[in-house]
Amino acid sequence: MKKTVDLALAREFGLTSEEYDRVLKIMGRTPSLTELGVFSVMWSEHCSYKSSRKWLRTLPTTAPWVIHGPGENAGVVDIGEGYAAIFKMESHNHPSFIEPYQGAATGVGGILRDVFTMGARPVANLNALRFGSPDTPRTRQIIDGVVRGIGGYGNCVGVPTVGGEINFHPAYDGNPLVNAMTVGIARKDRIFLSAAAGVGNPVVYVGSRTGRDGIHGATMSSAEFDENALAKRPTVQVGDPFIEKLLIEACLELMATDAIVAIQDMGAAGLTSSSVEMAGKGGVGIELDLDAVPQREPGMTAYEMMLSESQERMLIVLRPDRTEIARKIFEKWELDFAVIGHLTDTGHIVVKHKGQVEADIPLDPLAEEAPIYDRPAATPQAPAPLEAVHAPLSLDAMLLKLVGSPDLASRAWVWNQYDSTVGGQTVRRPGAADAAIVKIEDTTLGLALTTDCTPRYCQADPKSGGAQAVAEAWRNITATGARPLAVTDNLNFGNPEKPEIMGQFVAAIEGMGEACRALDFPVVSGNVSLYNETRQPDGSTMAILPTPAIGALGVFEDVSKAVGLGMASESALVLIGETKGELGQSIWLREILGREEGPPPQVDLVAEKRNGDFVRNEILNGTVTACHDIADGGILVAAAEMVMASGIGCELESPDSGIRPEAFWFGEDQARYLVCVKDADGFCQKAEKAGVPARLIGRSGGNELILPNGVTISAARLTVAHEAFFPALMAS
Amino acid sequence: MKSAIVVFPGTNRERDMAIALKRVTGKAPTMLWHRDTDLPDVDLVVLPGGFSYGDYLRCGAMAAHSPIMAAIRAFAQKGGHILGVCNGFQILTETGMLPGALLRNANLRFLSQDCHLRVERNDTPFTHKWAKDAVFRTPLAHGDGNYTADSQTLEKLEGEGLVAFRYANAKGDVQADDAETNPNGSINSIAGILSENTRICGMMPHPEDLVDPLMGGEDGLPLFEGLVEAFVR
Amino acid sequence: MKVRVTVMLKEGVLDPQGKAISHALQTLGFPGVTEVHVGKVIELDVEGSDQAAVQKQAEDMARDLLANLVIEDFKVEVL
Amino acid sequence: MKVRVTVMLKEGVLDPQGKAISHALQTLGFPGVTEVHVGKVIELDVEGSDQAAVQKQAEDMARDLLANLVIEDFKVEVL
Ligand SMILES: Nc1ncnc2c1ncn2[C@@H]1O[C@H](COP(=O)(O)OP(=O)(O)O)[C@@H](O)[C@H]1O
Ligand SMILES: [Mg+2]
């Protein structure tokens, strides 16, 4: 590597010439290589949020139940009985393209650390995945590696993987998305933060040794991909879930004492970002002695150690009189433990190595003068209305095709590789309810967890798509009977330096914000992943679909009241919500007619809240015994999913709605649910009083789905069509 | 019944097992650390599931050499009862306390799903709450559950009736070459085996994860109820 | 000294990994591959300069830990 | 012809297995073991009698399937 520090090197490190000027001004001299490395990672998009910060600030982040919103390692909400849920979602998109297994595995490891670093025992993992066209061999390789990686890590650490989502679209061919979410539980009064305090206090390094893994990972994830992406090999990080498991147990054991002043995982930009952020937040200085850092390889330089992204490491500020207690705990768990520095009153980060000062940077300007950009944003064009479309096939043929299509087919092949029961608290496993449900041990409390986003809606109309993603997450939680509490997000977009991409980003946040406010559903943590573009051989770039993935959490006071989506026996099937038959951007339009056109379904947040609040009440009072939200594929797909989940059939009635049958059955109008109740009349009257549209559309029984045209499809036949896709794809 | 659960670095189903044992005994089992060298006065020692030492090298290989295993061997020699589930089963085969070995699943993937087990004999403390040939549902979650043994060992296991559980369909039919009912490819569909004196039982699936209707059923409960009845104290 | 311990499944023990690789190689256009066996190789740096003693020590390690003699055979090479 | 492909992690890439084994060997009473690296060995029967051609074919197999070149190196030996 070139060692002279100058503008050319700064640019190689991802800094612009204005940013480099700013560095020179702050330092008052030419920075050392290590110093330049620190600036470049701290000011990378990944660490500084320089393109997104202005817009993230517009999201609602507070509610009476929010204990810590964005800004900490993860969001914290009060779930009652003295407990807090701590959760966050994070992307590992670029690493997962380069090395799918390790990329996905270390993604899971990273998000776990964000959660247990705050004092929580992780109780659930979810993952939101977007892959390219299923027809390409590379996509299958990526799926295989990503699924194995998520399982390989999550299964080993013993945290159940309980949910997630998967979409396919050619726009992800060169840039898959791997967004991992972890949820943990802590006592509300035992939450650990990262702000360092106490001049002289020891700074302790625990976990795995430092190697040359992933140097400049943070800058890499802030750049678009070119043909050489696969050659960027030195940056591949390998995860060690076994060490992570020990780290979880050791940290939780230490957290039960009063030894910790502050704690922070070493994530992107490793030792640099953890030490800078801890000291910066606490308003103190920090001095590190790199000779004391546990090292895996000989001859590492200060630059390499400061920028290494070796996994499974944490930085802790301890009370000085508790150092030995802490050391004993980490020795018991056979993990490296080293005092590598102390806090100072200088307001600087000083890094020493072999008797030399390798870096000496004032912390305030490093944080405060970090660039923030108000990038030009082009307002997205409204999609043209969808012209009249007609069904080319019979209802039953279309249904069978849809339930077996890539975006709707069963994900059992995937979740059967994830341990979803470890911990013994999984009330609803994947596929059993609209959100996964996990009990809180020793209480009656439960959590409902989901991830949602419909990228094709966001592509057509980013604002309404952003709102829809939040609304769907809220609806999925509501459909189990849980009370939606808060959101974490993972905003995956293309290159923000392009006004049209920035425009998507701004509009999606605007939509999300509106929905979060209307639904009282604050954003408490999140992650932004930009530059998700692939340079094509001809020099042009292809951006992913705008994908603001929403992870959400709801709570049950009494988790035994939760309902699943499997059709209940001998019940009336009632449709909640208004149906206009919106086919724009629907799965039906894409899979049956091969068109991606029109506006996405309208999002009416008032109706969403009213309908959802009604449904939740009726679940909790025992009237509703099964519930499924209506999303991709519309009413008919939702009904078929209910039949497949329980094996109990249903006879559907012919709608006298004045809407064409394909639009009625496959339209993706929002704010709707299918529910099973005993007394349809009484229930519909109650709904009417609450201003909630409700109508009887079928009766359960037998083991066949009977369509209004009289055609019957057995649950078994539906299931065969539903389950064929993944195994066939992955065997090819 | 007094019971203890051994925790190795990387064990992760000790809490599930503790919940199941507490459910039937009303008291929390003793947790033992792999470096302990003495066992407390107990009727049953459980080696739970997980990834001891990350499942590196071979599942259970490193845990088999833990200090506590000497005490567990001695406990077995004195006729103590031992249950090894999943990684615990793998550890028991690695120590030679149970015969055979567990290979990678036949489809080379981690499997996490429900399966059905047929109870092959009901005259042991582990199985006596079931009728012979009873079928029960239980989750499994492992990457290396493909039981194998050389022909001599297999003959002995089968001949002496030391197979405790076999993978089956919901009706109890066993079909070893069918990936639906024998998901990991185990020889003769073997899911759990017994030591000669029937006091050590190793099995791959997780009955401890199905002991509560809220979690989907109580199908695994008879194993634990049976143990409690066998050791009334 | 550098020692290499190679651990292979015993003959007769099912090797699903080998089978899967052989199958994959066929479909990748390598029809001439008939048998595939997959094993582990463990490379160790062992202190000492007496080749025979190191060989013996490595064999002990293999028997104790590195191989499971119920299903695997091993071979030790001092390099 | 018999071919052996040995696949090891690239230098500098974390080897969690090697680390755990080295640790286990220490506690088992083999204190002289300093470094441990774990890899895979794949033994193939390949049709053909031209040593160079078989070598070349095995290298292609290694690149296409047997090794993950992002993190692993391989070595081919025709036996
Ligand atoms: N990557 C994944 N990992 C685990 N479970 C998944 C994954 N993707 C989807 N699932 C599960 O599959 C089921 C259906 O997913 P999805 O179609 O996204 O549901 P919905 O339409 O209600 O949002 C859910 O239970 C979900 O949690
Ligand atoms: Mg969903």
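When reading the values below, keep in mind they use all heavy atoms of this one structure, side chains included, and skip hydrogens, waters and symmetry mates. Every value quoted in this text rests on a predicted model; they were computed, and no experiment measured them. Convention: sequence-line order gives letters A, B, ...; per-chain numbering from 1.
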What class does the angle between the rings of A:Trp333 and B:Trp33 fall in, given that below 30° is parallel, 30 to 60° is tilted and above 60° is perpendicular?
perpendicular

Counting heavy-atom pairs under 4.5 Å with chain B, which one of A:Glu244, A:Glu334, A:Glu249 comes out on top?
A:Glu334

Segment of [X] engaging chain B (4.5 angstrom heavy-atom cut-off):
| X | answer |
| --- | --- |
| A:Arg148 | side chain |
| A:Val157 | backbone |
| A:Thr421 | both |

Around atom NZ of B:Lys22, are there more than 12 heavy atoms from other residues, nucleotides or ligands closer than 6.0 Å?
no

Would the number of heavy atoms belonging to other residues, nucleotides or ligands and lying under 6.0 Å from CD of B:Glu225 be above 12?
yes

Name the option with the most non-hydrogen atom pairs under 4.5 Å to chain A; the candidates are B:Gln113, B:Arg35, B:Glu208.
B:Arg35

Of the non-hydrogen atoms in A:Gly423 and B:Asp16, which two are nearest, and what is the gap between them?
N-OD2, 2.7 Å

State, to 0.1 Å, how close A:Gly158 and B:Asn12 come at their nearest heavy-atom pair, and which atoms those are.
CA-ND2, 3.2 Å

State, with a plain yes or no, whether a side-chain heavy atom of [X] is found less than 4.5 Å away from one of [Y].
| X | Y | result |
| --- | --- | --- |
| A:Pro241 | B:Phe51 | no |
| A:Arg429 | B:Ser112 | no |
| A:Val427 | B:Met215 | yes |
| B:Asp212 | A:Gln425 | no |
| B:Phe110 | A:Val147 | no |

Go through the atoms of B:Leu214 and report whether side chain, backbone, both or neither lie under 4.5 Å from a heavy atom of chain A.
both

Under 4.5 Å from any heavy atom of chain A, what part of B:Tyr56 do you find: side chain, backbone, both or neither?
side chain

CG of A:Asn416 to CZ of B:Arg109, rounded to nearest 0.5 Å, is 11.5 Å

So, taking the atom named OH in B:Tyr53 and the one named NZ in A:Lys245, what distance separates them when rounded to the nearest 0.5 Å?
14.0 Å

Considering only heavy atoms, give the residues of [range] separated from chain B by less than 4.5 Å, sorted numerically, with 'none' for an empty result.
| range | answer |
| --- | --- |
| residues 561-568 of chain A | none |
| residues 438-448 of chain A | A:Lys439, A:Glu441 |
| residues 722-732 of chain A | none |

For residues 82-92 of chain B, which side-chain N or O atoms pair as donor and acceptor with protein atoms under 3.5 Å away, sequence neighbours left out?
unit_1: B:Asn87; atom_1: OD1; unit_2: B:Ser52; atom_2: N; d: 3.1
unit_1: B:Asn87; atom_1: OD1; unit_2: B:Ser52; atom_2: OG; d: 2.8
unit_1: B:Asn87; atom_1: ND2; unit_2: B:Gln90; atom_2: OE1; d: 2.9
unit_1: B:Gln90; atom_1: NE2; unit_2: B:Asp144; atom_2: O; d: 2.7

